[in-house]
Number of protein chains: 2
Amino acid sequence: MNEANDELAFEPHEEELLSRVAWHYYHDGLTQSEIGERLNLSRIKVSRMLDRGRRMGLIHVHINSSYGGCFALEARLQEIYGLDEARVIPAQETGNINDRLAEAASQYLMGRLKDQEMLAVGWGATVMGTLQRLARTLSYRDISLVSLTGGVSAYIEGVASGRSSQNVHLIPAPLVVSQESIAEAIRAERHVVEVMSMARTANYALVGIGAVADEATLIASGYASRSQFEIFRRQGAVGDIIGIFYDQNGVPLDLPFHKMLVGLDFDALSAIPQVIAAAGGSKKVDAILAAARGGRIDVLITDEPTAQAIIEKDQA
Amino acid sequence: MNEANDELAFEPHEEELLSRVAWHYYHDGLTQSEIGERLNLSRIKVSRMLDRGRRMGLIHVHINSSYGGCFALEARLQEIYGLDEARVIPAQETGNINDRLAEAASQYLMGRLKDQEMLAVGWGATVMGTLQRLARTLSYRDISLVSLTGGVSAYIEGVASGRSSQNVHLIPAPLVVSQESIAEAIRAERHVVEVMSMARTANYALVGIGAVADEATLIASGYASRSQFEIFRRQGAVGDIIGIFYDQNGVPLDLPFHKMLVGLDFDALSAIPQVIAAAGGSKKVDAILAAARGGRIDVLITDEPTAQAIIEKDQA
DNA sequence: GCACATCGTGATCATATGATCGACGAAAAC
DNA sequence: GTTTTCGTCGATCATATGATCACGATGTGC
């Protein structure tokens with residue numbers, strides 16, 4: 001106070017002045033002009049000092065929240081895999097991870113869906129949870145739903161109840177049938193063809209990512225067996241999206257199983273403007289990593305430990 | 001004055017949005033309009049969210065402490081009084097000095113508190129302000145709070161609201177009672193004994209330093225009278241920490257008042273690994289000087305003119 | 001039912017901020 | 001010695017920001 005305000009003929013240490021300025025600016029809420037008057041500096045100089053302080057890392061902004069650490073991961077995921085967007089939710093011991101992912105996915109979609117758009121949906125527990133949370137938004141915004149594969153009717157119908165049915169278009173078939181010929185026949189059905197071509201026009205696709213593990217929903221729901229999974233794994237499968245298994249680079253494998261699926265293929269899926277995947281958990285790390293690598297998805301919604309593991313694994 | 005009526009808790013996903021906005025603004029350097037476009041918010045709403053985030057302590061600006069503050073004074077204070085650390089904030093005529101000290105104290109503690117540690121807190125306006133700013137960090141890092149004395153419930157409860165109460169341990173009594181026998185009885189209460197012994201295990205103690213002046217918070221809040229203060233002063237008191245008055249060498253006096261306190265004594269306080277005091281203002285120079293001389297504190301957070309005055313006075 | 005307070009919202013506008021540019025001076029190169 | 005180069009400075013101006021206002025939705029009490 002004594003000499004500090006008087007002529008600063010010789011600079012008191014640069015850093016000291018700088019942090020003094022920063023303190024006044026960020027903690028006291030003074031404007032740059034006020035600081036300038038007080039310390040006999042031109043306003044513009046104060047501005048430059050603050051800029052330098054920020055660039056030099058002297059001024060550090062901390063976000064005091066469990067979300068804070070997630071954003072850095074999001075940025076890296078987006079950058080590494082060229083995603084349109086990544087969402088990472090904070091680690092949390094308690095609570096079902098699928099519920100939390102579904103919550104995040106529905107939030108994301110709510111912010112993104114515009115009136116009268118069309119959402120194509122795939123298969124899986126997280127997708128179901130997301131749709132349940134979205135139900136209101138869907139009818140309110142007059143969003144059409146269309147299925148990417150067979151086998152979704154079971155859970156979509158619950159969501160769609162109370163809505164005018166004309167906005168919900170389901171492929172009236174199971175996800176997988178027992179023979180290639182049957183699958184071909186179903187795919188040739190007029191109604192099936194119609195729904196599938198409608199799905200190609202959707203604005204967004206919402207899909208889950210499955211791990212090649214015994215806990216997979218595909219096994220639990222009887223669409224595949226453990227021994228089949230074992231074979232897939234030997235062939236290099238690390239995960240699946242809408243029933244299609246892919247290798248560690250996200251390239252779809254050539255499996256007989258795929259011929260028995262009723263649903264869109266990867267080319268058709270990729271043609272949808274934005275493919276949104278919600279998945280997490282340690283079992284799914286490889287599956288998500290491969291899908292991201294292969295460019296199978298545009299938006300990834302996952303959780304913090306999984307995101308961390310994906311990035312670490314990728315760099316190894 | 002700061003009103004404590006700010007909500008401390010966010011709506012579930014409001015915190016995410018707020019954090020995201022803050023991240024884009026401070027880390028990515030996006031403008032508020034850009035953030036608005038990206039997240040489908042009006043520019044003005046983004047502005048308000050940032051404001052709210054700052055007020056509620058979600059966003060914290062940290063000025064790298066190795067340069068921060070007033071170098072020379074900090075170094076001298078540390079050296080003269082053997083402090084672990086001194087923080088001196090720049091002079092500022094306008095603005096409430098307690099708020100600015102509280103800001104500095106909370107910043108110091110944020111950088112220091114580790115997960116699951118325990119913070120013991122004393123009495124006073126600055127302590128209260130610090131706790132308000134720390135509230136988010138405390139719950140986020142799972143910090144336990146414990147009181148060093150009675151009489152803190154009034155303001156701690158505001159801070160602790162929304163947190164699981166098991167992490168906050170208050171001495172359920174006033175700071176001072178009217179008779180020694182009552183104080184003894186209270187100190188013997190099982191619950192009081194428990195809390196006090198817990199306080200002894202804290203990692204840090206955060207205390208204010210009171211001057212022996214008519215403006216003292218002790219007088220304002222009715223715990224002591226002016227005439228009592230006059231008597232204390234005649235006995236050589238220059239200041240108090242957690243209600244205990246000491247002379248110009250920081251040695252506690254033998255006052256009847258002390259026998260009526262409900263709280264830890266100086267020996268117990270000193271046993272806590274780091275005692276952090278935040279205090280400033282011309283009235284408190286003697287009190288702070290004596291506390292520093294007597295080794296009552298390990299960390300001092302004060303303001304520039306006060307630090308200057310302390311050093312000058314000591315050399316006289 | 002109505003009036004009323006309260007809150008959240010976006011529009012408007014004054015102010016704060018930072019990008020750009022030319023001027024100046026010091027140090028280095030010629 | 002001159003010239004060049006570089007960096008710093010402040011003036012100017014476009015833009016970003018936040019204060020204020022007015023409106024509409026919501027809830028409350030009479």
Side-chain angles (χ1 to χ4, degrees), chain A residues 4-61 63 107 110-111 114-115 136-137 140-141, chain B residues 1-61 63 90 92-96 99 103 161-162:
Chain A
N5 282 353
D6 300 340
E7 272 242 19
L8 293 170
F10 32 90
E11 311 179 13
H13 254 247
E14 180 79 6
E15 287 89 6
E16 167 150 4
L17 184 58
L18 220 158
S19 48
R20 194 180 288 264
V21 167
W23 184 278
H24 285 317
Y25 191 71
Y26 286 105
H27 291 259
D28 297 333
L30 301 183
T31 71
Q32 298 183 349
S33 320
E34 287 171 316
I35 298 169
E37 286 169 28
R38 210 171 286 265
L39 303 177
N40 278 332
L41 302 164
S42 73
R43 184 190 69 73
I44 199 71
K45 191 164 181 185
V46 172
S47 176
R48 284 188 181 126
M49 293 186 83
L50 285 169
D51 184 48
R52 190 149 96 245
R54 282 182 285 250
R55 276 188 290 104
M56 288 171 59
L58 197 116
I59 296 160
H60 203 257
V61 178
I63 296 173
Q107 296 273 331
M110 277 183 211
K114 304 268 178 275
D115 289 359
R136 281 186 169 185
T137 305
Y140 175 55
R141 302 233 176 120
Chain B
M1 303 331 148
N2 271 6
E3 277 126 73
N5 57 7
D6 289 347
E7 307 165 35
L8 283 168
F10 296 100
E11 306 264 330
H13 46 76
E14 191 184 357
E15 176 174 337
E16 179 192 341
L17 191 57
L18 208 37
S19 306
R20 191 173 294 283
V21 166
W23 181 271
H24 283 319
Y25 191 71
Y26 286 107
H27 281 258
D28 298 339
L30 300 183
T31 70
Q32 299 183 350
S33 318
E34 288 170 317
I35 297 169
E37 284 169 28
R38 197 176 286 230
L39 303 179
N40 276 328
L41 301 166
S42 71
R43 183 191 69 74
I44 197 69
K45 194 166 179 181
V46 172
S47 175
R48 285 183 182 130
M49 293 184 86
L50 285 168
D51 183 49
R52 179 129 178 266
R54 282 182 286 248
R55 276 189 293 108
M56 302 190 33
L58 189 93
I59 297 163
H60 230 271
V61 179
I63 297 166
Q92 163 83 318
E93 299 80 27
T94 63
N96 184 337
D99 283 347
E103 183 67 37
S161 68

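As a basis for the values below, the full set of heavy atoms in this structure was taken, side chains included, without hydrogen atoms, waters or symmetry mates.
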Round to the nearest Å and state the distance from [X] atom [atom1] to [N] atom [atom2].
{"X": "A/K45", "N": "D/dA11", "atom1": "NZ", "atom2": "P", "result": "14 Å"}
{"X": "A/I35", "N": "C/dA16", "atom1": "CD1", "atom2": "P", "result": "12 Å"}
{"X": "B/Y25", "N": "D/dG18", "atom1": "OH", "atom2": "C1'", "result": "10 Å"}
{"X": "A/Q32", "N": "C/dT15", "atom1": "CD", "atom2": "C1'", "result": "12 Å"}
{"X": "A/E34", "N": "C/dT15", "atom1": "CD", "atom2": "C1'", "result": "12 Å"}
{"X": "A/Y26", "N": "D/dT17", "atom1": "OH", "atom2": "C1'", "result": "14 Å"}
{"X": "B/R52", "N": "C/dG8", "atom1": "CZ", "atom2": "P", "result": "8 Å"}
{"X": "A/N40", "N": "D/dG10", "atom1": "CG", "atom2": "C1'", "result": "15 Å"}

Between D/dT17, C/dG10, C/dG18, which nucleotide has the shortest distance from any of its atoms to the side chain of B/T31?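 Nearest to the side-chain atoms of B/T31, counting from C-beta on, is D/dT17.
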Once you apply a heavy-atom cut-off of 4.0 Å, does A/R54 come out as touching a base, just sugar-phosphate, or nothing? sugar-phosphate
Using a 4.0 Å heavy-atom cut-off, write out nucleotides 19-25 of chain D from 5' to 3' as B (base contacted by protein), S (sugar-phosphate only) or - (no contact). BB-----
Counting just side-chain N and O atoms, does A/S42 come under 4.0 Å of either OP1 or OP2 of D/dC9? no
Reckon B/S33 has a side-chain N or O less than 4.0 Å from the OP1 or OP2 of D/dA16? no
Among pairs that include at least one residue of residues 46-59 of chain A, which meet salt bridge (Lys or Arg N to Asp or Glu O under 4.0 Å), considering only residues two or more places apart or in two chains? A/E14-A/R52, A/D51-A/R55
Can you list every salt bridge (Lys or Arg N to Asp or Glu O under 4.0 Å) pair that touches residues 21-30 of chain A, not counting sequence neighbours?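 Output for this query lists A/D28-B/R100.
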So which atom in B/Y26 and which in B/L50 form the shortest heavy-atom distance, rounded to 0.1 Å? CE1-CD2, 4.2 Å
Rounded to the nearest 0.5 Å, what separation is found between the CG atom of A/L39 and the NE2 atom of A/H24?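 Interatomic distance, A/L39 CG to A/H24 NE2, rounded to 0.5 Å: 5.0 Å.
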B/E34 and B/R38 ion-paired at < 4.0 Å: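 Looking at B/R38 together with B/E34, the answer is no, because their closest N to O distance does not fall below 4.0 Å.
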Is the closest side-chain heavy-atom distance between A/M49 and A/L41 below 4.5 Å? yes
Residue A/H60 excluded, over 12 heavy atoms near NE2 under 6.0 Å: no
